[in-house]
Amino acid sequence: MVEKYTIRTDLAMEQKERFESDHVEVSGVVLEEEYDEEREIKITTVRIETENGAKMMGKPVGTYLTLEVPDMASADDGYHREISETLAGFLEKYVENEETKNRNADNEKEHSKEKGCSILAVGLGNREVTPDALGPYVVDQLNITRHMVQEYGRYGVEEKSRIVSAIVPGVMAQTGMETAEIVQGVVKETKPDMILVIDALAARSSKRLNRTIQISDAGIHPGAGVGNHRSVITKETMGIPVIAIGVPTVVDAATIVNDTMENFIAALETSENLKGVGVVLQGYNSAEKYELVKELIAPHLNGMFVTPKDIDETIRRISYTVSEALNLLFSGKAGESEKKEETA
């Protein structure tokens with residue numbers, strides 16, 4: 001039963017939590033946590049440092065940073081601005097790191113100061129399916145500058161700004177092509193310095209839906225969280241660094257039933273008549289409970305994914321928050337609010 005156990009999630013932190021709940025130590029994987037009390041954001045960093053750790057986690061070697069924002073689904077514009085600034089600050093560190101690597105790799109290459117860092121933004125997902133439309137919606141709101149630089153040179157944009165191009169490749173059912181094939185073709189023709197991919201993800205916990213943002217320098221495996229494996233978009237396949245941004249918008253129906261069963265077991269333990277049943281079920285580990293749930297639920301529910309009823313409004317709000325963060329990043333103004341606070 002345990003051998004069949006696979007957790008449906010794109011979040012590295014949830015994979016790590018699964019091992020911790022089963023009291024299994026994963027070598028080559030480091031977890032760090034911090035909390036921004038002012039903005040009420042929990043920041044979790046999972047670093048997969050070895051191939052063994054990557055195999056155990058089911059994710060490639062790299063750094064996965066997760067922002068948990070409980071109120072991200074709310075309609076507070078001021079708070080969403082704070083989220084955008086925080087997200088832009090973390091993205092700036094990722095991009096600056098890759099820019100430094102590029103300069104060190106070829107010092108003769110005119111990079112940041114003269115040419116400017118060129119970024120290709122890729123909005124993954126199906127625009128016609130709301131929970132999957134995050135990527136296209138974000139790209140719709142980005143400040144694109146590559147055409148202006150080509151027409152007027154660096155004088156066409158602000159001095160600190162990066163050169164931005166974008167594409168929404170759609171899905172295979174619409175184009176007949178793998179997303180990775182389309183992106184590879186664009187990269188070959190336009191020659192950006194790095195790729196920034198935005199996509200909707202799947203979560204293990206319903207409490208993280210539309211309240212969590214994951215950033216990764218390991219690229220992205222489209223559809224992996226829902227079992228729909230497509231060609232990967234990584235540094236190895238594209239030839240340039242790939243930074244991925246994702247927000248979980250769906251959860252596996254079996255995990256919701258599993259969470260309900262956990263509450264049911266806790267309730268049984270408080271009942272004198274049914275306490276014995278609760279003790280037996282409590283003896284199951286996470287894998288056994290999950291497989292039991294999958295066997296008990298109706299066959300047509302197995303493999304179903306669930307999203308909140310207000311997903312239309314939520315996706316539009318979150319896409320604006322993410323796009324504002326990216327526009328701050330592209331303009332070179334990411335982290336300025338933090339610097340002002342430090343000097344104040």
Side-chain angles (χ1 to χ4, degrees), residues 10-11 72-73 80 83-84 87-88 91 118-147 162-187 189-190 192 194-203 209-216 219-226 228-234 237-238 242-251 305-330:
D10 289 305
L11 300 177
M72 191 164 75
H80 276 262
I83 299 170
S84 296
L87 177 58
L91 287 170
S118 176
I119 299 176
L120 171 64
V122 181
L124 297 183
N126 188 345
R127 189 187 294 274
E128 306 302 322
V129 180
T130 306
D132 196 32
L134 178 69
Y137 283 10
V138 169
V139 168
D140 286 347
Q141 302 171 83
L142 296 182
N143 296 329
I144 308 301
T145 58
R146 182 176 179 270
H147 60 298
R162 296 176 168 105
I163 303 168
V164 183
S165 55
I167 183 173
V168 178
V171 294
M172 181 178 279
Q174 297 169 328
T175 65
M177 294 178 283
E178 286 275 7
T179 299
E181 293 175 334
I182 298 173
V183 177
Q184 280 176 331
V186 174
V187 168
E189 288 297 319
T190 63
M194 68 182 69
I195 301 171
L196 205 155
V197 183
I198 308 101
D199 196 13
L201 308 178
L209 289 184
N210 305 315
R211 295 178 175 88
T212 306
I213 304 172
Q214 177 174 271
I215 310 170
S216 170
I220 196 164
H221 295 59
V226 296
N228 183 24
H229 297 278
R230 303 256 62 90
S231 297
V232 300
I233 301 175
T234 63
T237 59
M238 298 295 144
V242 179
I243 298 172
I245 305 171
V247 176
T249 60
V250 296
V251 63
F305 286 82
V306 182
T307 194
K309 63 181 181 180
D310 60 347
I311 190 64
D312 297 76
E313 181 184 351
T314 302
I315 283 290
R316 293 188 182 280
R317 186 181 302 119
I318 293 175
S319 67
Y320 179 75
T321 301
V322 175
S323 67
E324 282 294 286
L326 294 180
N327 286 330
L328 284 172
L329 171 73
F330 297 152

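The first residue of the sequence shown is numbered 1, and numbering continues consecutively from there.
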What is the minimum heavy-atom distance between [X] and [Y], and which atoms define it?
X	Y	answer
Met72	Ile318	CE-CD1, 4.2 Å
Ala325	Ala88	O-CB, 3.4 Å
Ile233	Val242	O-CG1, 3.6 Å
Ala180	Met238	O-CE, 3.5 Å
Leu11	Pro248	CD1-CG, 4.2 Å
Ile144	Ala166	CD1-CB, 3.6 Å

In the structure I gave you, are the side-chain heavy atoms of [X] and [Y] within less than 4.5 Å of one another anywhere?
X	Y	answer
Glu128	Gln174	yes
Asn327	Leu142	yes
Leu329	Arg162	yes
Thr314	Leu209	no
Ile243	Ile119	no
Glu181	Ser231	no
Val122	Pro169	yes

For residues 129-138, tabulate all N or O donor-acceptor pairs below 3.5 Å that involve a side-chain atom, not counting sequence neighbours.
| unit_1 | atom_1 | unit_2 | atom_2 | d |
| --- | --- | --- | --- | --- |
| Asp132 | OD2 | Asn126 | N | 2.9 |
| Tyr137 | OH | Arg316 | NH2 | 3.4 |

Working to the nearest 0.5 Å, report the span between [atom1] of [X] and [atom2] of [Y].
X	Y	atom1	atom2	result
Leu91	Ile215	CG	CD1	4.5 Å
Ile167	Leu124	CD1	CG	10.0 Å
Ile182	Met172	CD1	CE	9.0 Å
Ile163	Leu120	CD1	CG	12.5 Å

Margin query: Please evaluate residues Thr179 and Val171 with respect to the criterion side chain to side chain contact (heavy atoms under 4.5 Å, CB included), reporting the C-alpha separation (whole Å), side-chain torsions for both, the decisive distance (0.1 Å), and the verdict.
Written below: CA-CA 7 Å; Thr179 299; Val171 294; 5.8 Å; no
Would a distance-only check, ignoring hydrogens and angles, find a side-chain to backbone donor-acceptor pair under 3.5 Å from [X] to [Y]?
X	Y	answer
Ser84	Thr321	yes
Gln141	Glu324	no
Asp10	Ala202	yes
Ser216	Ala244	no

Margin query: Could you walk me through whether Val164 and Asn143 satisfy the side chain to side chain contact (heavy atoms under 4.5 Å, CB included) test, starting with their C-alpha distance in whole Å, then the side-chain angles of each, then the deciding distance to 0.1 Å, before giving a yes or no?
Written below: CA-CA 8 Å; Val164 183; Asn143 296 329; over 6 Å; no
